4 protein chains.
Amino acid sequence: MVKKTTELKRILHSKALDFFLEAHNGLSAKIVEEAGFPGVWASGLSISASLGVRDNNEASWTQILEVVEFMNDNIKIPLLLDGDTGYGNFNNVRRLVKKLEQRDVAGVCIEDKLFPKQNSFINDERQLLTSAEEFVGKIKAAKDTQKDSDFCVVARTEGFIVDRSLEETLERCVMYSEAGADAILVHSKLSTPDQIIAFEKKWDKHCPIVIVPTSYAQTPTSVFEKLDISLILWANHLLRASILQMQRTASQIYHDHSTQNIDNLIVPMKEVFRLQNVEELKTAEEIYLP
Amino acid sequence: MVKKTTELKRILHSKALDFFLEAHNGLSAKIVEEAGFPGVWASGLSISASLGVRDNNEASWTQILEVVEFMNDNIKIPLLLDGDTGYGNFNNVRRLVKKLEQRDVAGVCIEDKLFPKQNSFINDERQLLTSAEEFVGKIKAAKDTQKDSDFCVVARTEGFIVDRSLEETLERCVMYSEAGADAILVHSKLSTPDQIIAFEKKWDKHCPIVIVPTSYAQTPTSVFEKLDISLILWANHLLRASILQMQRTASQIYHDHSTQNIDNLIVPMKEVFRLQNVEELKTAEEIYLP
Amino acid sequence: MVKKTTELKRILHSKALDFFLEAHNGLSAKIVEEAGFPGVWASGLSISASLGVRDNNEASWTQILEVVEFMNDNIKIPLLLDGDTGYGNFNNVRRLVKKLEQRDVAGVCIEDKLFPKQNSFINDERQLLTSAEEFVGKIKAAKDTQKDSDFCVVARTEGFIVDRSLEETLERCVMYSEAGADAILVHSKLSTPDQIIAFEKKWDKHCPIVIVPTSYAQTPTSVFEKLDISLILWANHLLRASILQMQRTASQIYHDHSTQNIDNLIVPMKEVFRLQNVEELKTAEEIYLP
Amino acid sequence: MVKKTTELKRILHSKALDFFLEAHNGLSAKIVEEAGFPGVWASGLSISASLGVRDNNEASWTQILEVVEFMNDNIKIPLLLDGDTGYGNFNNVRRLVKKLEQRDVAGVCIEDKLFPKQNSFINDERQLLTSAEEFVGKIKAAKDTQKDSDFCVVARTEGFIVDRSLEETLERCVMYSEAGADAILVHSKLSTPDQIIAFEKKWDKHCPIVIVPTSYAQTPTSVFEKLDISLILWANHLLRASILQMQRTASQIYHDHSTQNIDNLIVPMKEVFRLQNVEELKTAEEIYLP
């Protein structure tokens with residue numbers, strides 16, 4: 001069987017445009033896999049939101065790690081962790097990579113902001129970048145730590161998020177690529193893909209490009225296909241889907257004082273049991289119980 | 001402010017029929033609260049399923065505890081934990097109660113089955129009850145451990161689930177009540193409420209009754225109102241709602257290679273931020289950051 | 001019974017010089033209590049070292065929290081946590097205080113360095129202070145968060161550790177005191193108490209002073225008694241004691257290929273069982289088991 | 001480099017009598033390694049005691065797992081985990097093995113008692129064995145789960161502890177061996193090795209034998225060498241050594257109101273830093289920090 005790391009690396013370097021969908025717990029990761037996606041984006045925002053905290057490193061990195069362990073254990077496709085800033089300095093990054101490899105996680109994305117992080121879509125003049133030099137140190141530390149040469153480190157620049165110039169953002173990304181990053185994630189909060197397009201035009205294929213079309217979600221995918229994008233992350237959509245339906249269902253039950261009228265809003269119990277793979281345990285009980 | 005424990009006790013003893021809705025993480029707990037429900041049922045099945053494991057104590061009790069801590073921190077209404085069998089013997093129950101009280105959880109429900117547990121809706125001749133005497137010891141241990149006299153211990157009988165007679169089930173529940181249980185949860189897997197009705201007719205108001213109309217969900221609530229039921233737990237519906245919508249959304253995105261057509265399936269980003277209470281942090285930054 | 005928080009506050013404000021001893025797990029915390037000390041210093045260095053990691057926030061803050069929970073559950077005397085920098089910014093400090101109060105921890109000490117921290121006794125030009133303003137924000141955030149008015153926040157200045165002047169260090173500490181700190185911990189790495197003495201002479205009893213005589217351990221306690229010191233932390237001695245004896249014992253057993261000759265190096269099994277309070281469980285089994 | 005699992009398997013099958021020493025956290029594991037031992041026994045009793053709880057599954061299995069992860073990360077020699085009963089049924093054993101392999105733990109020992117366990121040296125008529133058939137199911141489940149064929153499953157019989165006959169104990173162990181156990185641990189609470197000797201005489205080398213000479217510690221090792229024992233576990237001695245010295249040191253400091261007179265009881269700070277490998281971080285900072 002192909003290793004998850006190897007599969008992620010293959011996807012990043014393949015000519016085709018690929019798509020990963022967000023998940024935030026073991027259940028949603030399974031749903032991503034069953035839908036046909038070749039990989040899971042373990043979003044920091046989504047994991048935080050589902051835990052009930054903010055995307056500001058309110059949950060500790062080991063609490064995130066535990067969520068990711070449940071997620072990765074539940075799928076056969078590769079998982080790419082949104083590792084925020086690496087949760088500290090280069091030394092924290094080293095520990096993170098070590099722990100992720102132990103848990104068979106395929107790769108991690110780290111970003112060039114300061115710990116504790118601020119979500120990229122929240123307007124805040126306090127969104128600050130770390131120095132390119134410090135971030136290069138983190139990338140090198142990650143790459144030197146990994147034991148499996150296929151483990152992937154994706155370097156995410158928040159240059160555009162904090163209104164740095166195209167030149168500086170490009171310069172940073174070249175440095176990140178030369179430091180060993182397996183791919184560059186270029187983030188933008190515009191409602192059009194203009195920054196991404198401008199970046200791509202100047203980018204000399206140093207390494208694959210990953211994008212997150214959240215704010216520019218209305219851009220047709222054909223636009224991205226013409227660009228030399230390697231991977232698109234649909235970064236928060238299962239979380240947002242679950243919120244809509246849970247709110248709708250809670251409201252309906254509350255007003256009806258009953259669950260009589262919600263069968264069309266929910267899956268049957270047997271679908272829950274199928275997703276939990278109850279059958280496998282029944283079979284195992286036949287084998288292992290007296 | 002009324003303590004969560006006091007509020008749960010009040011609900012159990014009030015004459016009105018009340019309803020709690022299931023939640024499985026901090027986010028869904030918040031949605032239950034916002035919908036207007038007076039309390040949250042932290043379902044073992046739902047928590048397990050959302051983590052990506054089975055409802056057979058595959059997650060450790062401290063992993064469940066961590067989920068519950070995130071949930072309870074995110075709401076002001078009381079949370080009742082589905083504590084399975086108490087995760088071992090009376091001594092494990094004592095530790096559980098201690099840990100729940102530290103985290104300000106209002107109450108716990110324990111059931112008269114053996115560890116590790118099997119979900120009540122899975123047909124399995126291995127569904128086994130513990131002795132009434134052992135379970136009475138667990139209830140007493142829980143009640144003797146709690147420091148806050150309003151912390152609630154709900155004793156759940158699985159008598160009907162394993163096809164014990166009405167007489168035995170009643171006898172067990174009288175013992176549980178006399179041992180100090182604050183309420184009795186009578187579970188049934190029939191598609192009609194017949195067992196519940198039969199039980200209620202013979203039950204002499206020793207203590208409040210809680211039910212879980214999952215298999216008999218089509219019963220009109222008016223039926224329950226005529227019975228002397230204290231609390232109904234809608235035990236797994238937010239989980240099942242989230243699964244439906246996540247599957248639908250994943251499928252749509254996968255086939256479209258785009259998120260252009262799913263705006264009606266998801267909430268906007270700003271609703272995520274509202275649920276995370278991003279505003280509070282902005283305000284706090286004004287106060288505490290230089 | 002007096003609350004742990006109230007007892008810690010009393011100790012800080014009492015005229016007498018008090019002493020806390022370091023502990024790093026539930027067992028050593030119990031030993032500190034049994035020896036007669038009125039409180040436990042949960043040292044970040046010691047906890048890290050016992051876990052097998054460095055004092056550089058290699059363990060996550062929730063991993064430290066779990067250690068502290070085991071420690072505090074095992075003692076009746078107050079525990080003061082060495083909370084490093086608060087593990088991030090003011091918002092992380094808020095979460096920390098909330099979690100500590102839930103677990104009935106009496107107080108926390110935070111220091112005016114940058115996350116991730118560097119141990120104070122390691123020579124490193126990278127030992128950096130945070131701005132006084134940012135640290136004041138952390139202290140205020142902690143004090144505003146606590147629900148129990150007796151929960152104690154000790155502000156630790158590393159001014160002398162990074163060779164700042166007496167004037168700046170004093171000025172910082174006045175700010176910390178005015179921001180609400182319940183006590184000031186003045187740290188020094190000199191082999192004499194000169195910096196402490198100089199500080200005390202200028203300190204106008206804004207709030208109690210705590211010291212950590214590790215490097216100046218040879219100073220007679222009478223010197224400290226003449227100064228207006230409130231509390232001395234013996235900050236790492238049980239860890240260092242355990243290392244000596246474990247190394248000695250391991251070496252002896254290794255060379256002897258036997259444990260025949262080490263009875264004088266170890267306690268008997270029954271002392272282990274006594275420390276674990278095995279008797280209480282036996283008594284409880286009589287009550288709660290059939 | 002030889003894998004830890006392979007090394008453990010080699011040790012179990014080597015003709016020489018080998019010795020593992022107990023450790024209970026990352027620090028003590030390192031001390032065992034530095035003393036020259038070829039492996040670490042991660043004792044359930046010691047880990048529980050150091051956490052401050054009892055050896056009755058008061059700590060959850062994931063809390064034990066976290067301790068073991070810190071321990072194993074800190075050593076290059078193999079670690080054998082005292083996995084109690086496997087923390088539930090065969091399915092819990094499967095999860096345990098999966099989690100241990102992820103963390104690169106070399107092997108696990110499980111015992112034929114009921115969950116929650118009781119320490120073997122505590123006299124209690126409630127010490128109960130599970131059926132041989134159920135335990136065989138656990139062993140098979142463990143062996144079928146492991147991905148690395150060298151991961152070791154040691155089956156521990158408590159037959160002698162609960163006063164079963166030599167015949168039954170032997171019969172059980174043959175079943176355990178045939179089910180795939182990599183070694184058999186025969187436990188005894190007598191003050192002489194008589195039960196071990198009697199067992200060995202009848203044991204037909206189905207698989208290697210491991211013993212734990214705690215109660216019969218005064219037996220000369222030459223006695224064991226004549227028997228065909230594969231591995232001796234010195235099962236709790238570092239814990240007991242640390243208790244003696246911590247108690248002594250705490251008492252001395254308490255009575256002296258000073259640490260002036262305890263230099264002979266403790267290691268210097270620099271030995272703590274050496275054990276934490278502070279040097280490695282300094283070197284890494286040169287490489288990775290700007």
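Residue numbers start from 1 in every chain, and the chains themselves are labelled A, B, ... in the order their sequence lines are given, proteins ahead of strands. Keep in mind it's a predicted model, so treat the numbers as computed, not measured. In what follows, every heavy atom counts, from backbone to side chain, and hydrogens, waters and symmetry copies are set aside.
The neighbour count for A/Lys140 NZ, taken as heavy atoms of other residues, nucleotides or ligands under 6.0 Å away, does not exceed 12.
Rounding to the nearest 0.5 Å places CG of C/Asn56 at 8.0 Å from CG of A/Asn89.
Taking every heavy atom of both residues into account, C/Trp61 and A/Ser60 meet most closely at NE1-CB, 3.3 Å. Pairing each heavy atom of C/Phe115 with each of A/Tyr87, the nearest pair is CE2-O, 3.6 Å.
Within residues 90-105 of chain A, the residues that have a heavy atom under 4.5 Å from a heavy atom of chain C are A/Asn91, A/Asn92, A/Arg94, A/Arg95, listed by number.
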